[in-house]
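In the text below, chain A, chain B and the rest are named by the order of the sequence lines, each starting its count at 1. Note that the coordinates shown come from a computational prediction; the quantities given were computed from them, not determined experimentally.
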Amino acid sequence: MKGVDQEEISRRRGIYFPGFGIYGGLSGLFDYGPYGSRIKDRVIRLWKEMMFSEGNVAEFDGTTITHTQVLKASGHYDRFFDYSVECTKCHTKYRADDLVEKAGIPVTLNRQWLQDRIKELGILCEKCKGELGEVKIQKLMFQVDQGEDTEPLFLRPETAQGMFINFKEYYRFFREKMPFAMITVGRGYRNEISPRRALYRLREFNMMECESFFDPENEKWIHDPESQIRVTFLTREGREIKASPLEAHEKGVVKSHPMAYFMGLALRFYSSVGIDLERLRFRQHKKEELSHYSSETWDAEALTDIGWIEITGIAHRGNYDLTNHIKSSGKDLYAQRVIPKKEVVQKTKEIDYQKIKSDYAESSAKIINAIKEGRKELDMDGKTVDLAVYTNEREEKVTVDRENFIPTVIEPAFGLDRIMYTILDHNLSVREESGYVWLKIPYGISPYDAAVLPLMNKDDLDSRANTIFESLLKMKFSVLYDDSGSIGKRYSRYDEVGVLYCITVDYDSLEKGDVTIRHRDTREQIRIKIDDIPRYLGTNPWNGKTN
RNA sequence: GCGAGUGUAGUGUAGCGGUAGCACAAAAGCUUCCCAAGCUUUUAACCCGGGUCCGAAUCCCGGCACUCGCACCA
């Protein structure tokens, strides 16, 4: 929003601010203050409600410290190091492994190795042909040390993995029926090289992620995508179309049905937290942009004062993660589907332990291992032994009505901090004539339900207002009490942090037992009975609509 | 991480060798019965660490942070 400095207001009013201020700060780390924390909590609550309304959705809450094997299987571990090298002349920076790869050599991810190859091959700066400097390592995940001789652990770079490694738990929870989805809200950590722009790029950040699991033969969500809300879709070919998620899917722009479905869900969510859909688009990732695991990815991007920013990524992860965790752990993370009954001949190989023992009493273990490795023959003391002799094939007829498959996964991942940034950007409003600033967020994410204000701090107005305040608190409303400064100044105070209602106790209140209730956006007031206050909070009595 | 620039009360700023002004905000009081009013009073700052100098917020060096470019962004 032009003319409003979001960061200035956020610092001043305790929405968010840079972390560790008294010690000079630490880049990429921000804290949410009293108002920001409440807004954030309510955004999370709305998101969860939205997701849970699907019925076949459950929640997961996992640890942030992560087993190293998980990250090795997920592919994060190999990208753990970024090898960079810089031109000593023009200071252009390159990825060392990219340069070596371009020279046509298979890359080993090792600092010294890369350094040696660059020297050996005489690789120079692509721009100015200057000499390249030292290969430097940038760690992209935060490491946690356990002890001296143990492997380090890592803080998770995304929340998703917990939803894959425990797949079987969820599969049982949903009584082995697909599709279903798991959601989680939590923190992730990435050691960004240059965190910048307030909440945009953080090193510790909040995510709201969902992993939905499908039988690849029936990759459809249980409901159809949104058909009413239309937004811009920007395809990987650069085509722009205005469509609802349903239309986008039917036209083949968005290939995946569930992906289109989650786009609609995202749109309803954005709308409920006050993000302007006129300043929102879905942008498809180009081929070279796709993550190591994804075949189709769409980002929801919002237009803010710092340009188009990604606030949600909806990625088709295929069966990448589960496949790798099956390989890496050796555990069964398969789902099963029911198929028509059929008889199949099952061939099983049995190792004839008795025969091995009688032929090779001493070195039977060698033979057995070779067979288990699937080898056909083995050299024993210069003689070639035919291993087939030691196995018996057995054929068995069995009835089968189930088969294994690895579910495919579609992941809508919402960046909470960026969503907060966008909400503030889209809702901080200025009155042109006076420069008056107010935050026009929906009631659902307003940090407090209302502020209770005595018109003046005397004549019993304050004690009456305080009684109302206390009783609203008892009824579990989140309210504030404020008797300091002129009434106008107090209205302004709560307008600026998005509190929708101000309840004012004036002289008439003392006689009639009523109060005025003021709406933030219209500044209109009406008089209502004190007992009616709870009924009015959350509604808009000025036009009969709810907020 | 590199290059350039910038760090002064909660916020926005002035001062640029003689230890800091202003505005808004906040607090106490007066005033005012409804949209950042006024008056009085008060609280409150030179990013951190070295160096030069009789004396440093000011000059120099290092760090940290921010802004803008470059690079990075699983």
Interatomic distance, A:Tyr23 OH vs B:G7 P [rounded to whole Å]: 25 Å
Of the listed nucleotides B:C73, B:U67, B:A36, the one nearest the side chain of A:Glu7: B:U67
Results of ring-ring contact (aromatic ring centres under 6.0 Å, His included) for A:Phe233 - residues two or more places apart only: A:Phe282, A:Trp298
Within 45° cone and under 6.0 Å: A:Arg281 NZ/CZ vs A:Trp308 ring: yes
Separation of the C1' atoms in B:A44 and B:A4, to the nearest angstrom: 34 Å
Between P of B:A74 and CD of A:Glu209, the distance in whole Å: 13 Å
Whole-Å P distance, B:U32 and B:U19: 44 Å
Options B:U11, B:C34, B:G69, nucleotide nearest the side-chain atoms of A:Arg197: B:G69
SB check A:Glu301 A:Arg283 (cutoff 4.0 Å): yes
A:Asn191 CG - B:G1 P separation (whole Å): 9 Å
Sugar-phosphate, base or nothing in reach of A:Arg11, heavy atoms under 4.0 Å: sugar-phosphate
Student check: side-chain heavy atoms of A:Leu140 and A:Pro157 closer than 4.5 Å: no
For B:U67, the Watson-Crick or wobble partner whose two distances fall under 3.5 Å: B:A4
Phosphate OP1/OP2 of B:C33 contacted by A:Lys458 side-chain N/O (<4.0 Å): no
N/O-N/O pairs, protein side and nucleotides 27-30 of chain B side, under 3.5 Å:
| residue | atom | partner | partner atom | Å |
| --- | --- | --- | --- | --- |
| B:A27 | OP1 | A:Ser484 | OG | 3.2 |
| B:A27 | OP2 | A:Ser484 | OG | 2.9 |

Whichever of A:Thr516 and A:Ala198 has its nearest RNA chain B nucleotide further upstream toward 5': A:Thr516
Whole-Å gap separating P (B:C66) and CZ (A:Phe20): 13 Å
Among B:A74, B:C73, B:A36, the nucleotide that comes nearest once only the side chain of A:His76 is considered: B:A74
Counter-base of B:G62, judged by Watson-Crick or G-U geometry with both distances under 3.5 Å: B:C48
A:Lys489 vs B:A25: side-chain N/O to OP1/OP2 distance below 4.0 Å: yes
Rounded distance [0.5 Å steps], CZ in A:Phe164 versus OG1 in A:Thr323: 10.5 Å
B:A37 to B:G69 separation - P atoms, rounded to the nearest Å: 39 Å
A:Asp482 bridged to A:Lys489 by N-O distance under 4.0 Å: no
Closest listed nucleotide, where the reference is the side chain of A:Ile487 and the choices are B:A74, B:C34, B:A26: B:C34
Inter-nucleotide P distance (B:U11, B:A25), Å rounded: 15 Å
Nucleotide opposite B:C39 in a Watson-Crick or G-U pair, distances under 3.5 Å: B:G29
Test ring-ring contact (aromatic ring centres under 6.0 Å, His included) applied to A:Tyr536 and A:Tyr501, step by step: CA-CA 10 Å; A:Tyr536 276 102; A:Tyr501 304 106; 8.8 Å; no
For atom CG of A:Asp459 and atom P of B:U32, their distance in whole Å: 10 Å
Closest to side chain of A:Ser492, choosing from B:G12, B:A36, B:C34: B:A36
Given B:A36, B:A74, B:C35, the nucleotide with the shortest approach to the side chain of A:Leu140: B:A74
Contact nearer the 5' end of RNA chain B, comparing A:Ile306 with A:Met456: A:Met456
Nearest-Å distance once atom P is located in both B:U67 and B:G12: 13 Å
Nucleotide nearest A:Leu26 (side chain, heavy atoms from C-beta), chosen from B:C34, B:A65, B:C72: B:A65
Polar side-chain contact A:Arg518-B:C35 base: donor and acceptor under 3.5 Å: yes
Ring centres under 6.0 angstrom apart (A:Phe414, A:Phe269): yes
Pair partner, B:U13 [Watson-Crick or wobble, under 3.5 Å]: B:G21
Under 3.5 Å donor-acceptor pair, A:Asp506 side-chain atoms to B:C33 base atoms: no
Between B:A56 and B:C39 - P atom distance, rounded Å: 39 Å
Protein-nucleotide distance (A:Arg13, atom CZ; B:A25, atom C1'), rounded to Å: 9 Å
Distance, rounded to the nearest Å, where A:Leu455 contributes CG and B:U32 contributes C1': 9 Å
C1' spacing across the pair B:U8 / B:A57, given as an integer number of angstrom: 7 Å
Length of the line joining A:Glu496:CD and B:A36:C1', which is rounded to integer Å: 9 Å
A:Arg203 charged N/C atom sitting above A:Phe142 aromatic ring, 6.0 Å / 45°: no
Sugar-phosphate, base or nothing in reach of A:Tyr436, heavy atoms under 4.0 Å: base
Any donor-acceptor N/O pair under 3.5 Å between B:C73 base and A:Arg201 side chain: yes
Whole-angstrom distance between B:A9 and B:G5, as gauged at atom C1': 24 Å
Residues A:Lys440, A:Asp521: salt bridge by 4.0 Å N-O rule: no
Among B:C34, B:A26, B:U11, the one nearest A:Tyr491 by side-chain distance: B:C34
Which nucleotide in B:U11, B:A74, B:A37 has an atom nearest any side-chain atom of A:Glu8: B:U11
A:Arg12/A:Asp5 ion pair, N-O < 4.0 Å: no
A:Ser27 side-chain proximity, nearest of B:C35, B:C66, B:U32: B:C66
